[in-house]
Amino acid sequence: MKLYNTLGRQIQQFQPLKEGEVSLYTCGPTVYDYAHIGNWRSFVFDDTLRRVLESEGYKVKHVMNITDVGHLTSDADEGRDKLEAGAESRGSSVWDVAEHFIEIFIKDSEKLNILPPNGYKENRSAYARATDFIDEQIGIVKILLDKGFAYKTDEAIYFEVSKLDSYGKLSGQKLEDKEVGAREDVVTDANKRHPQDFALWFFTVGRFAGHEMKWHSPWGTGFPGWHLECSAIIHATLGDPIDIHTGGVDHIGTHHANEMAQTEAAFGNKLANFWVHNEHMLVDGKKMSKSLGNYITLEEVLKRGYAPADLRLLYLQAHYRSQMNFSWEALTAASVRLKGYRAFADLRFQPGGESALKNEAYIKIQDEINQALADDISTPKALSLLDALAEQAQDKGSEREPLVGFLKFIDNALGLELLASEDINTQQKRLIHQREQARAIKDWKESDALREALNKQGLDINDTSRGPVWSRG
RNA sequence: GGCGCGUUGGCCGAGGAGUUAGGCAAAGGUCUGCAAAACCUUUUACACGGGUGCGAAUCCCGUACGCGCCUCCA
């Protein structure tokens with residue numbers, strides 16, 4: 001299997017640290033608001049990566065965090081904790097806000113058929129919350145202070161980036177260059193030794209005096225900085241180094257750079273061997289983001305009558321490393337395409353013709369799809385292979401068992417849930433049978449009436465040389 | 001200013017030196033008793049200017065435009 005590694009900027013042969021096992025970590029959501037479909041593109045990609053790894057035979061241990069504290073709205077002095085800001089605007093406590101949006105996030109994940117993480121806990125609360133790892137985070141701060149990588153001011157404890165030679169290796173950008181280009185309107189803490197130094201721990205003083213979420217630490221009451229949770233959770237759950245760390249491209253320069261720095265400085269370990277980043281979803285050529293207000297939520301997609309799987313297919317049509325432009329037209333196209341796949345899947349309930357597709361055809365395509373997916377998760381290629389096969393099957397019919405096996409493979413790898421549909425009921429089967437009898441005696445009036453009745457139940461009938469084939473309208 | 005990515009037919013999008021992506025939409029057609037279904041066909045698209053090749057959408061250089069990161073962000 002080959003994957004593009006941001007660390008090194010090239011496609012590399014994937015080799016896990018432990019034979020047959022993969023540790024995978026994903027930066028999860030900050031639960032202060034609804035996730036938008038750009039966020040979901042990223043999480044669906046993580047899920048697809050995991051599914052492909054599993055289909056390659058690896059046992060995958062997947063951990064995803066949930067940021068429920070410490071994520072500031074900016075690094076500027078007026079930056080506030082997102083959770084705190086969200087709670088204030090909703091008039092409820094931060095804990096309630098977090099709980100509320102965690103619940104929504106999990107529900108939406110289920111709708112999109114995203115497998116829950118399995119590397120921390122094996123249940124619905126399998127997501128690793130930052131607030132459940134406060135001690136671990138404090139532990140890292142302690143090590144970093146002891147080793148001289150961190151320093152304390154009145155407001156916070158900072159990581160001193162200039163103490164770590166490898167800082168910034170992920171983005172390939174030199175520290176000096178960043179400094180020169182720093183924007184003027186970003187106010188930095190006067191006590192920081194370097195503008196790029198980032199907070200490990202904030203004290204509940206000054207602008208954070210009223211912070212609701214706070215914990216005791218050896219240095220004073222406060223709360224952790226955002227980047228720290230990932231290092232702590234990985235260390236506590238999967239153990240560093242891990243095989244693969246994923247996230248959006250926007251994290252390359254700061255969040256991931258800081259995670260790496262913390263782990264390397266504290267534990268002397270690499271954080272991850274592979275860094276896999278997905279590109280953004282755009283709207284009218286611009287990045288979908290909350291600050292621009294051009295974002296679309298899953299809720300809106302569903303409200304407009306699309307299924308979660310339509311969205312999932314839309315994501316899979318583009319390669320994860322290319323920006324993708326969202327439009328309702330494109331989503332409709334995906335929806336129609338998926339309908340074609342469903343019709344293909346429904347062939348398993350129907351008799352195949354004499355030239356019905358046999359096992360060999362499926363084995364061959366399955367092999368090719370596996371190759372496409374193993375080649376840096378080329379889902380678009382995999383889908384076009386699926387199209388070709390579906391068309392053949394539509395034309396010739398299919399033997400049942402090989403089709404079911406193939407659909408199971410597709411569902412496992414792509415999460416499209418093609419096996420979720422059920423057979424039509426006996427009454428509907430009877431209507432189809434009656435229509436055939438009417439057609440045999442050329443009673444077109446009766447046969448058209450029966451077809452009409454079936455249409456009303458959402459079934460299309462296609463009269464083929466091998467008999468009537470139904471599909472869902 | 002620095003770092004990185006991109007520009008493909010009406011739309012979405014693969015591919016990436018010689019041969020076809022695919023999906024959606026539109027038009028025509030085939031099958032059919034009919035058909036909304038299915039299937040087939042549809043003027044061969046790769047920003048622009050150079051360069052290197054027998055040959056470039058594909059490699060190199062430049063230009064234009066767009067996007068992302070360097071501030072929170074999937």
Side-chain angles (χ1 to χ4, degrees), chain A residues 6 9 26-30 35-46 71-76 79-80 82 85 168 170-188 195-196 226 246-255 257 277-282 285-292 295 313-314 317-338 340 343 372 378-388 391 394-395 439 442-445 447-448 451 455 459-465 468-471 473:
Chain A
T6 304
R9 308 254 171 204
T26 297
C27 285
T30 302
H36 57 64
I37 60 174
N39 300 126
W40 286 118
R41 179 189 185 194
S42 168
F43 297 130
V44 166
F45 165 67
D46 297 319
H71 196 167
L72 304 190
T73 50
S74 84
D75 268 350
R80 308 181 55 213
K82 287 186 171 182
L170 196 59
S171 67
Q173 190 174 17
K174 292 193 176 76
L175 209 50
E176 308 89 76
D177 295 333
K178 279 180 131 183
E179 191 176 5
V180 171
R183 275 173 48 164
E184 290 170 12
D185 55 331
V186 176
V187 185
T188 52
Q196 294 299 316
W226 174 42
T246 66
V249 287
D250 51 315
H251 283 327
I252 295 171
T254 304
H255 183 52
H277 293 98
N278 60 277
E279 257 298 349
H280 291 298
M281 175 142 227
L282 312 179
K286 301 274 183 214
K287 174 181 167 179
M288 186 178 294
S289 74
K290 285 175 184 155
S291 48
L292 284 176
Y295 64 93
L313 183 58
L314 178 71
Q317 285 177 328
H319 187 84
Y320 76 93
R321 278 192 290 114
S322 65
Q323 294 179 335
M324 128 180 257
N325 201 35
F326 176 83
S327 69
W328 292 104
E329 194 186 356
L331 182 58
T332 301
S335 172
V336 173
R337 190 179 195 176
L338 184 61
S378 184
T379 52
K381 181 102 180 272
L383 290 177
S384 66
L385 289 163
L386 173 57
D387 284 322
E391 189 180 308
Q394 203 75 258
D395 201 31
R439 291 180 75 225
K442 299 194 191 306
D443 183 353
W444 309 126
K445 207 173 170 186
S447 101
D448 287 350
R451 182 165 65 193
N455 285 164
L459 293 179
D460 283 332
I461 305 296
N462 179 21
D463 296 320
T464 73
S465 56
V469 175
W470 57 265
S471 60

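So you know, we letter chains A, B, ... as the sequences are listed, proteins then strands, and number each from 1.
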## Note on the structure
Per-nt protein contacts along nucleotides 7-14 of chain B (heavy atom under 4.0 Å; B base, S backbone sugar-phosphate only, - none) come out as ----SSSS
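- Using P as the reference atom, B:rC39 and B:rG23 are 9 Å apart when rounded to the nearest Å.
- In a base pair of the Watson-Crick type (N1 to N3 plus N6-O4 or O6-N4) or a G-U wobble (N1-O2 and O6-N3), with each distance short of 3.5 Å, B:rU32 is matched with no nucleotide.
- Within the 4.5 Å cutoff, no side-chain heavy atoms of A:Thr379 are placed close to those of A:Tyr320.
- Legend: residues meeting side chain to side chain contact (heavy atoms under 4.5 Å, CB included) with A:Ser335, ordered by chain and number and at least two apart, are A:Tyr306, A:Asp310.
- Among the nucleotides B:rA74, B:rG68, B:rC70, the one closest to the side chain of A:Gln196 is B:rC70.
- Applying the 90° cutoff around 0 to the glycosidic angle, B:rG53 is assigned syn.
- For the pair A:Asp460 CG and B:rA37 P, the computed distance is 8 Å after rounding to whole Å.
- With rounding to whole Å, A:Ile252 atom CD1 is found 10 Å from B:rC5 atom C1'.
- Remark: B:rA47 base-pairs with B:rU63; criterion is Watson-Crick or G-U wobble with both hydrogen-bond distances under 3.5 Å.
- Spacing between B:rU19 and B:rC3 at atom P, rounded to whole Å, works out to 37 Å.
- Separating the CG atom of A:Leu313 from the P atom of B:rC24 is a distance of 10 Å, rounded to the nearest angstrom.
- Remark: the separation of the C1' atoms in B:rU8 and B:rG16 is 11 Å, to the nearest Å.
- Here the P atom of nucleotide B:rA36 and the CG atom of A:Leu459 are 18 Å apart, to the nearest Å.
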